[in-house]
Visitor: 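Below are the structure tokens for one structure; questions will follow.
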Amino acid sequence: MVTRRRPESRVRKLHGFPIAVCGGTCETGPTKSPAGSTIVQPSFLLPCLMPEKLSKSLSTLTIQQAGALMVLKADWRLHALSDNLATMLGAEQELEPGDDLADRLGRQFAHDSRGWAQGLDANSGMVRYLRHEGEAGILDLSITQVGERYVVSFEPARPGKTIARDALVQRFLHKLRPLSDVSAIAEGAAMQIRMFTQSDHVAIVLTDGEHGGQVLAQSGAEAFTLASSATSFRQLLPGVDDPGSAGMIVDTQDAGWLVRTADNEDPDIELQHSPLRQPKASTVVALGEQGARGALWFPLLGATGPVGLVLCRRATPRHCDAARRAATDLAVSYLALMIQAHRQG
């Protein structure tokens with residue numbers, strides 16, 4: 001076990017918002033099992049990953065504290081990165097925009113990361129989920145291509161718990177197939193999703209056409225219960241521009257990590273493709289009014305576009321790891337197909 005001691009807790013301002021720089025002891029690092037395999041001890045206080053000092057960057061772009069981010073150019077140089085990237089990857093030196101990935105993180109890491117990007121298409125919106133075991137431990141990552149750049153998000157992984165997506169979906173479908181109507185299917189799905197994502201409440205809401213605003217099913221804490229009708233996507237998640245994309249908020253009170261860019265360029269478009277993107281103020285306010293500190297949402301996609309969403313809310317901050325979110329997203333896509341098939345008769 002490696003123990004690192006941080007400076008005493010102190011409060012600083014980031015773009016007008018007070019943020020606490022974590023103090024005390026953060027225990028991280030690998031230990032050896034009797035068989036000699038590496039076990040990475042989890043860190044339950046994600047803000048403890050914060051580096052010794054914040055960047056002096058004037059960038060107003062931030063990501064959520066649940067992970068780290070880098071945006072790579074086609075020549076595999078860093079176009080943008082979050083302030084905690086070096087810490088999360090276990091780099092021996094600080095990273096800067098414009099750095100060559102092979103020079104800073106090693107040829108093997110650069111080679112591996114090119115493999116992650118193999119086969120991605122800038123026009124498809126494809127997101128690839130992978131697990132990376134590096135110097136600082138085991139990380140879940142997602143990568144997508146935006147134009148000629150690649151957006152890579154890193155999040156701490158649950159040690160020894162790789163989510164088997166196919167097994168999850170099979171179990172999900174096995175429980176839903178015997179059900180005969182849309183309401184029963186949705187109620188069963190809401191309960192399973194709530195347990196799997198460890199949410200306090202899950203609501204399945206239709207947002208299209210004549211069914212728009214209908215709460216199809218909900219499961220969990222009564223404090224989050226929605227009215228059975230007159231609930232639109234914009235009312236639930238104002239500020240979310242794309243109802244066809246999944247998203248998350250780990251903590252509505254999270255100030256986030258600064259993102260530094262090359263040549264003062266604005267990578268806002270690229271950051272919109274990261275699961276770590278910061279929510280808009282209107283989204284945070286709306287969730288706060290609903291009593292939520294954290295949330296996940298997944299689109300119900302029909303043949304012509306989004307027909308609804310699955311909204312998971314929590315009263316306390318909780319990080320749902322990337323592998324679990326990817327598995328849930330796949331299960332929700334099957335749910336959308338089942339709902340559409342029953343609606344069409």
Side-chain angles (χ1 to χ4, degrees), residues 64 66 168 172 176 182-183 185-209 211-254 272 275-302 305-322 324-340:
Q64 299 185 57
L168 167 69
F172 187 81
L176 299 186
V182 172
S183 296
I185 290 171
E187 288 174 5
M191 183 178 297
Q192 288 191 69
I193 293 169
R194 179 173 63 84
M195 295 174 62
F196 190 69
T197 59
Q198 298 178 321
S199 299
D200 293 329
H201 187 272
V202 169
I204 299 176
V205 185
L206 299 179
T207 57
D208 71 319
H211 302 282
Q214 178 186 355
V215 180
L216 200 57
Q218 46 192 329
S219 173
E222 291 186 5
F224 287 113
T225 300
L226 300 173
S228 59
S229 61
T231 302
S232 69
F233 177 85
R234 294 301 177 196
Q235 288 174 316
L236 288 172
L237 294 171
V240 176
D241 298 322
D242 183 5
S245 64
M248 74 168 178
I249 299 177
V250 176
D251 185 356
T252 56
Q253 298 181 19
D254 167 21
Q272 295 308 309
L276 298 172
R277 61 186 178 274
Q278 281 282 25
K280 292 184 178 179
S282 55
T283 310
V284 172
V285 170
L287 286 168
E289 291 174 348
Q290 297 167 26
R293 279 285 296 274
L296 299 167
W297 58 92
F298 305 91
L300 290 166
L301 297 175
V307 298
L309 81 154
V310 176
L311 176 62
C312 312
R313 291 171 295 171
R314 297 179 294 274
T316 56
R318 187 192 298 270
H319 178 229
C320 182
D321 60 88
R324 191 171 294 263
R325 296 197 313 270
T328 305
D329 197 17
L330 183 59
V332 169
S333 68
Y334 278 94
L335 172 63
L337 293 175
M338 295 178 74
I339 291 175
Q340 189 169 33

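Keep in mind the model is a prediction, meaning the values are calculated, not measured.
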Visitor: List the atom of Val284, the atom of Pro279, and the distance in Å for their closest heavy-atom pair.
Guide: CG2-CG, 3.6 Å

Visitor: Over all heavy atoms of both residues, which pair between Ile249 and Arg314 is shortest? Give the atoms and the distance, please.
Guide: O-NH2, 3.6 Å

Visitor: Search all heavy atoms of Ala189 against all heavy atoms of Ile204 and return the closest pair with its distance.
Guide: CB-CD1, 4.1 Å

Visitor: Could you note down all residue pairs passing salt bridge (charged side-chain N to carboxylate O under 4.0 Å, His left out) where residues 293-302 supplies at least one of them, sequence neighbours left out?
Guide: Asp251-Arg293

Visitor: With heavy-atom distances below 4.5 Å as the criterion, would you say the side chains of Trp297 and Val240 are in contact?
Guide: yes

Visitor: Testing the basics here: between Pro299 and Pro243, what is the closest heavy-atom pair and its distance to 0.1 Å?
Guide: CB-O, 3.4 Å

Visitor: Should we count CE of Met191 as having more than 12 external heavy atoms under 6.0 Å?
Guide: no

Visitor: Checking Arg324 side chain against Phe196 main chain: does a donor-acceptor pair fall under 3.5 Å?
Guide: yes

Visitor: I'd like to know if the side chain of Thr283 and the backbone of Pro238 have a donor-acceptor N/O pair within less than 3.5 Å.
Guide: yes

Visitor: Please enumerate all residues that pass side chain to side chain donor-acceptor pair (under 3.5 Å) together with Ser219, with sequence neighbours excluded.
Guide: Arg194

Visitor: Sequence neighbours left out, what passes salt bridge (Lys or Arg N to Asp or Glu O under 4.0 Å) with Arg325? Give chain and number order.
Guide: Glu155

Visitor: Under the side chain to side chain contact (heavy atoms under 4.5 Å, CB included) rule, what do Leu216 and Val205 come out as? Steps first, then yes or no, please.
Guide: CA-CA 6 Å; Leu216 200 57; Val205 185; over 6 Å; no

Visitor: Got a sec, which residues hit side chain to side chain donor-acceptor pair (under 3.5 Å) with Gln290, two or more places apart in sequence or on another chain?
Guide: Arg313

Visitor: Using the side chain to side chain contact (heavy atoms under 4.5 Å, CB included) rule, take Leu301 and Ser333 through it: C-alpha gap first, then chi angles, then the decisive distance, then the call.
Guide: CA-CA 7 Å; Leu301 297 175; Ser333 68; over 6 Å; no

Visitor: To the nearest 0.5 Å, what is the distance between CD1 on Ile193 and CZ on Phe298?
Guide: 7.5 Å

Visitor: Evaluate the side chain to side chain contact (heavy atoms under 4.5 Å, CB included) criterion for residues Leu309 and Leu206: first the C-alpha distance (whole Å), next the side-chain angles of each, then the deciding distance (0.1 Å), finally the verdict.
Guide: CA-CA 7 Å; Leu309 81 154; Leu206 299 179; over 6 Å; no

Visitor: For a quick test of reading the model, state the closest non-hydrogen atom pair linking Leu226 to Gln218 and the distance between them.
Guide: N-OE1, 2.9 Å

Visitor: Would you give the length of the straight line joining atom CZ of Phe172 to atom CG of Leu330, rounded to the nearest 0.5 angstrom?
Guide: 10.0 Å

Visitor: Can you give me the closest heavy-atom contact between Gly302 and Gln340, atom names plus distance?
Guide: CA-OE1, 3.8 Å

Visitor: With Val202 as reference, evaluate Leu311, Leu296, Val310 under the side chain to side chain contact (heavy atoms under 4.5 Å, CB included) test and give the passing residue.
Guide: Val310

Visitor: Looking at residues at least two apart in the chain, or sitting in another chain, which of them share a side chain to side chain donor-acceptor pair (under 3.5 Å) with Thr197?
Guide: Ser199

Visitor: Any side-chain heavy-atom pair from Leu236 and Leu287 closer than 4.5 angstrom?
Guide: no

Visitor: Please name all residues satisfying side chain to side chain donor-acceptor pair (under 3.5 Å) with Thr328, sequence neighbours left out, ordered by chain then number.
Guide: none

Visitor: If we ignore hydrogens and angles and just use 3.5 Å, is the side chain of Gln64 paired with the main-chain N or O of Arg277 as donor and acceptor?
Guide: yes

